[in-house]
Amino acid sequence: MQIQGVLQRQLELRRQQRRHRSLSVAAAARDFSANDYLGLSQHSQVRAAFQQGIQQWGAGSGSSPLVAGYQTPHAYLRRQLSEWLERDNVLLFSSGFSANQCTMRALAPLYERVVLDRLSHASLLDGVREQRHWKRFAHNDAAHAKKQLKPEATNLIVTESVFSMDGDSAPLSELAALDADLWVDDAHGLGIVGPEGRSVGGQFSQAQVPLVTATFGKALGVMGAALVGTDSVTDYLVNFGREFIYSTAFPAAQAAAVSAAIKIVQSAEGTQLRHQLATNIALFSDLAARANIPLGDSRHAIQTLVVGSDANVMRIGEALSSQGFKCGTIRPPTVPEGTARLRITLTAQHQEANIRAFVAALADCYHQLTETQAV
Ligand SMILES: Cc1ncc(COP(=O)(O)O)c(C=O)c1O
């Protein structure tokens, strides 16, 4: 291969920085890294809906949505989502990454200014990078967002409901009050925040937040995503959104599984699962505080422990792994330089004993490290 040498050099650089990543098969036991916050990926009704969907519709959709890939379960899921989130319309995508990129690439050129939270997800940044008229605002700083807007012009503000790396929440009411359209990526809020898990859809009207990204691979336990918004936006994306137009629709069976997951989220069982998740988050935070583990400022399922250097985060991650625990070890460029961290996710499925054992192991690893060096 002609670029073999270039590939090897770049990879070697990553290794020297201790930032080389590789795939490892996830072990089921004692996992504190997944985004399956309610455990729905394993839920019998979600699995049954997927299986029945495959029996009825086959394994794949066969083509892009505008050709023949758009089938009855996709249409059902769109209606279900737009009713649940009280928005005009919904467009389905194979992933949240694709939904964000498609929407950003299609809509950003139509605004005179686009401003994004500094810590916005890579899919949003990648979509806007090619534009000339975008700016970032300081993380969760609505006053700074306001300063970045272009006066007397069309502006789009982009943020996340719950941030993927820190678990902290955006000041959505303040941002919604600014003179701009607001787009909220609800990847880590949908299903777990607010009554019925409606998150942004339940808290804000379409007029306040006209664009929402809903993803199906986190609390809903499946995969895929939707852009939820006005009729004119979804119509525009059907006609101009390249990632939507030129990509195979996800399987109808998957749409059926997502619909089943939403029904659980809306039901009394969903309320009970959210309650259990909240109990687990509170237990974890309480135990961590007692063990002097300085967690970040999050009341959500995503909890972080910033340890600074890449080497330290890898050391703790490996020590936990040797005791059978898995949590995320996040390094730059995913997070800013010098803020490598453990990303710990709680789910409704965690047992009290497991959480206690994890915090005890984490406290040991962390304090051993801080005793030998300043973290
Ligand atoms: C905030 C946020 N937006 C979008 C995505 C992408 O979603 P998906 O995993 O469905 O591609 C993620 C997932 O990592 C995310 O954390």
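First listed ligand is number 1; within each ligand, the first listed atom is number 1. For reference, positions follow the sequence shown, starting with 1.
- Taking a heavy-atom cut-off of under 4.0 Å, ligand 1 is surrounded by S95, G96, F97, N100, H121, E160, S164, D185, A187, H188, T215, K218.
- The ring-ring contact (aromatic ring centres under 6.0 Å, His included) analysis of residues 124-146, with sequence neighbours excluded, yields the pairs H139-F163.
- Using a distance-only test at 3.5 Å, with no hydrogens or angles considered, no donor-acceptor pair links the side chain of R299 to the main chain of S169.
- The backbone N or O of S298 sits less than 3.5 Å from a side-chain atom of Q303, completing a donor-acceptor pair.
- Remark: the backbone N or O of S41 is paired with a side-chain donor or acceptor of D36 at under 3.5 angstrom.
- Alongside M165, the hydrophobic cluster contains I330, V335 (criterion: ILVMFWY side chains under 4.5 Å).
- Qualifying salt bridge (charged side-chain N to carboxylate O under 4.0 Å, His left out) partners for D166, counting only residues two or more places apart in sequence or in other chains: R341.
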